[in-house]
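Here is the structure we will look at, set down as structure tokens.
Here is the naming used below: chain letters follow the sequence lines, and residue numbers restart at 1 for every chain.
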There are 2 protein chains.
Amino acid sequence: MYEVFQNYLNNKISLTDEEADLIKSVTIIKKLRKKQYLLQQGDVWGYNAFITQGCLRTYSVDEKGMEHVLSFAVENWWIGDRESLLSGEPSRFNIDAIEDSEVAIIRKVDFDRLCREIPAFNDMVNLILQKSFVASQNRIHSAISFTAEEKYLNFIQKYAGFALRIPQNMIASYLGITPETLSRIRNQSAKK
Amino acid sequence: MYEVFQNYLNNKISLTDEEADLIKSVTIIKKLRKKQYLLQQGDVWGYNAFITQGCLRTYSVDEKGMEHVLSFAVENWWIGDRESLLSGEPSRFNIDAIEDSEVAIIRKVDFDRLCREIPAFNDMVNLILQKSFVASQNRIHSAISFTAEEKYLNFIQKYAGFALRIPQNMIASYLGITPETLSRIRNQSAKK
DNA sequence: ATTATAAATTGATATAAATCAATTGTTAGG
DNA sequence: CCTAACAATTGATTTATATCAATTTATAAT
């Protein structure tokens, strides 16, 4: 499924054949079965990963064993732990597959090289980072401003494309509410 | 107070005299009195702003007139609305001064030029963006995982350097709790 | 200094959401 | 296909936090 990544790149930027080849040469395709880890708490994350198929989540597990979902990502999204990537420290997060999935991963050194040698690639990456930042600002805004119901409706609207692929308990965790509360909200909202 | 910005730059990167001059030539120093807006909801944000002195906040105002604080920033921090900057759309946020302050602002076109012409500057900006993203991820984690008290303690610890400069009602807003709740938490915590 | 204005505190009460517990529904593996 | 494990629902209850209201304290303006 490298084509998915290729299409994504072609859509965003124009590359010479050599550049496209260079990217391909450092990209590793990895299949993940449902529930399989891409990253485990305590390991260092040294890649950039692009999802070519499936659906993944990033989450932490606290002392009480509770999971807190930080993000979901599907085909054509990037995923990883930027904190660990940046610091070289062990990650506080887990990333695993919600469905059977496939990712295109690029090692940090290779990725840095791509950024250095292919200006358009660098620009693309930078733009993604900026958009990610904006998205996380919006998520913070939702978390501090909205009621549970508003958070849910906001989520459904924003992730309309794949909200149905995600189990409710994970959505609840993402929103910072309990599965029971989410279930009740869904019932109520349906009645309106 | 351009020196504050200059020192910051010298600390982060090394610049030739020409580069330093170029940066200085496009930097506009602006003083802000307490409560003065740097950006108002509905206006387009077209700058990058570095704080040389004082303390500012970014916040939204909802239909009910409630304020929701998205971020605080003090000397040696950057501030702005990246969403508006990126999209060119009117901002949903306000930025104003919590204290009499001073900012060094650079217009978008000039800033882009600095990034293009001074590689070290570009790298620095990129690193800041990455760290900002990591910080916002951590904030999300706190918002969805912690109780009101934990959020507050976490805030105090993270912003130890300037937490005392910020009025409590704004801290409460930042944490997504009411000022009354924050006041009670502080009383209780103090007793322990 | 003195007043006006806003911020913080405190108490009483209401409410949203969490927790606990039981039941039903769904999915995946043998 | 059948059962085990898990996910979602529903109800009863508790708890954390919000809301409303009054008072005290702090800050700013004249």
Side-chain angles (χ1 to χ4, degrees), chain A residues 32-36 54-55 57 59 61-69 72 96-101 142-156 163-192, chain B residues 32-36 54-55 57 59 61-69 72 96-101 142-156 163-192:
Chain A
L32 293 168
R33 280 199 288 221
K34 188 171 173 169
K35 297 203 176 178
Q36 188 180 338
C55 183
R57 76 211 243 246
Y59 64 101
V61 180
D62 66 23
E63 325 77 49
K64 291 179 180 167
M66 295 286 292
E67 296 181 354
H68 304 284
V69 176
F72 298 114
D96 68 13
I98 294 176
E99 311 166 352
D100 290 351
S101 303
S142 151
I144 65 171
S145 311
F146 292 170
T147 63
E149 180 171 21
E150 288 168 336
K151 286 176 198 171
Y152 173 67
L153 295 176
N154 183 250
F155 173 82
I156 288 298
L164 294 172
R165 289 160 65 181
I166 301 170
Q168 274 185 52
N169 59 350
M170 293 185 190
I171 294 178
S173 169
Y174 178 92
L175 299 176
I177 64 180
T178 59
E180 292 95 330
T181 295
L182 179 56
S183 174
R184 285 184 246 262
I185 284 169
R186 283 165 46 87
N187 261 324
Q188 274 183 260
S189 297
K191 282 177 197 157
K192 287 179 188 170
Chain B
L32 293 167
R33 280 199 288 220
K34 187 170 173 173
K35 298 204 174 176
Q36 188 180 339
C55 182
R57 79 213 242 244
Y59 64 101
V61 181
D62 67 23
E63 325 78 48
K64 290 178 183 168
M66 296 287 291
E67 295 180 355
H68 305 283
V69 176
F72 297 114
D96 68 13
I98 294 175
E99 309 166 351
D100 289 350
S101 304
S142 150
I144 64 171
S145 310
F146 292 170
T147 62
E149 181 171 22
E150 288 168 337
K151 285 176 201 173
Y152 174 66
L153 295 175
N154 183 251
F155 173 83
I156 287 299
L164 294 173
R165 290 161 64 180
I166 302 171
Q168 274 184 54
N169 59 349
M170 293 185 190
I171 296 178
S173 169
Y174 178 92
L175 299 176
I177 64 180
T178 58
E180 291 96 329
T181 295
L182 179 56
S183 172
R184 285 184 246 263
I185 284 168
R186 282 166 46 89
N187 260 322
Q188 275 183 259
S189 298
K191 281 177 197 156
K192 284 180 189 167

Between atom [atom1] of [X] and atom [atom2] of [Y], what is the distance when rounded to the nearest 0.5 Å?
{"X": "B:Ile166", "Y": "B:Glu99", "atom1": "CD1", "atom2": "CD", "answer": "8.5 Å"}
{"X": "B:Met66", "Y": "B:Ser173", "atom1": "CE", "atom2": "OG", "answer": "7.0 Å"}
{"X": "A:Asp100", "Y": "A:Cys55", "atom1": "CG", "atom2": "SG", "answer": "11.5 Å"}
{"X": "B:Leu175", "Y": "B:Tyr152", "atom1": "CG", "atom2": "OH", "answer": "9.0 Å"}
{"X": "A:Glu149", "Y": "A:Gln188", "atom1": "CD", "atom2": "CD", "answer": "6.5 Å"}

Can you tell me which nucleotide in C:dA7, D:dA18, C:dA17 comes closest to the side chain of A:Thr147?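 The listed nucleotide nearest to A:Thr147's side chain is C:dA17.
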Starting the side chain at C-beta, find the nucleotide from D:dA8, C:dA18, C:dA8 nearest to A:Thr178.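 Comparing D:dA8, C:dA18, C:dA8 against the side chain of A:Thr178, the answer is C:dA18.
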B:Ile185 side chain reached by B:Ile177 side chain, heavy atoms, under 4.5 Å: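 Result yes, sub-4.5 Å side-chain heavy-atom pair found.
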Could you go over nucleotides 28-30 of chain C and give all protein N or O partners under 3.5 Å, atom names and distances?
residue	atom	partner	partner atom	Å
C:dA28	OP1	A:Lys34	NZ	2.9

Looking only at non-hydrogen atoms, find the nearest pair between A:Met170 and A:Val69 and report the distance. O-CG2, 3.9 Å
Heavy atoms only: give me the nearest B:His68-A:Ser145 pair and the separation to one decimal. CG-OG, 3.2 Å
Between [atom2] of [N] and [atom1] of [X], the distance in whole Å:
{"X": "B:Phe146", "N": "D:dT17", "atom1": "CZ", "atom2": "C1'", "answer": "18 Å"}
{"X": "B:Arg165", "N": "D:dA26", "atom1": "CZ", "atom2": "P", "answer": "21 Å"}
{"X": "B:Glu150", "N": "C:dA18", "atom1": "CD", "atom2": "C1'", "answer": "14 Å"}
{"X": "A:Glu99", "N": "C:dT27", "atom1": "CD", "atom2": "C1'", "answer": "14 Å"}
{"X": "A:Arg33", "N": "C:dT27", "atom1": "CZ", "atom2": "C1'", "answer": "17 Å"}
{"X": "A:Ile177", "N": "D:dA16", "atom1": "CD1", "atom2": "P", "answer": "19 Å"}
{"X": "A:Ile144", "N": "D:dT17", "atom1": "CD1", "atom2": "P", "answer": "16 Å"}
{"X": "A:Glu67", "N": "D:dA7", "atom1": "CD", "atom2": "C1'", "answer": "13 Å"}

The criterion is ring pair (Phe, Tyr, Trp, His ring centres under 6.0 Å); which residues satisfy it with B:Phe146, sequence neighbours excluded?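 By the ring pair (Phe, Tyr, Trp, His ring centres under 6.0 Å) rule, B:Phe146 matches no residue at all.
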Going by ring pair (Phe, Tyr, Trp, His ring centres under 6.0 Å), name the residues that satisfy it together with B:Tyr174, two or more places apart in sequence or in a different chain. B:Phe72, B:Phe155
For B:Glu67, check salt bridge (charged side-chain N to carboxylate O under 4.0 Å, His left out) against everything at least two apart and list the hits. B:Arg57
End-to-end axis angle, where each axis spans five pairs of the helix from C:dA1-D:dT30 to C:dG30-D:dC1, to 10°: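 Rounded to the nearest 10 degrees, the bend comes out at 60°.
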Would you say the side-chain atoms of B:Arg165 pair up with the backbone N or O of B:Gly54, donor to acceptor, closer than 3.5 Å?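 Pair found, side chain donor or acceptor close to backbone of B:Gly54.
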5′-ward residue of the pair A:Ile166/B:Met66 relative to DNA chain D: A:Ile166
Would you say A:Asn169 reaches D:dA8's phosphate, i.e. side-chain N/O to OP1/OP2 under 4.0 Å?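 Yes, such a contact exists.
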Pairs: protein N or O with nucleotides 9-13 of chain C N or O, under 3.5 Å:
residue	atom	partner	partner atom	Å
C:dT9	OP2	B:Gln168	OE1	2.7
C:dT9	OP2	B:Gln168	NE2	3.3
C:dT9	OP2	B:Ser183	OG	3.0
C:dT9	O5'	B:Ser183	OG	3.2
C:dT10	OP2	B:Asn187	ND2	2.0
C:dG11	N7	B:Arg184	NH1	2.9
C:dG11	O6	B:Arg184	NH2	3.3
C:dA12	N6	B:Arg184	NH2	3.4

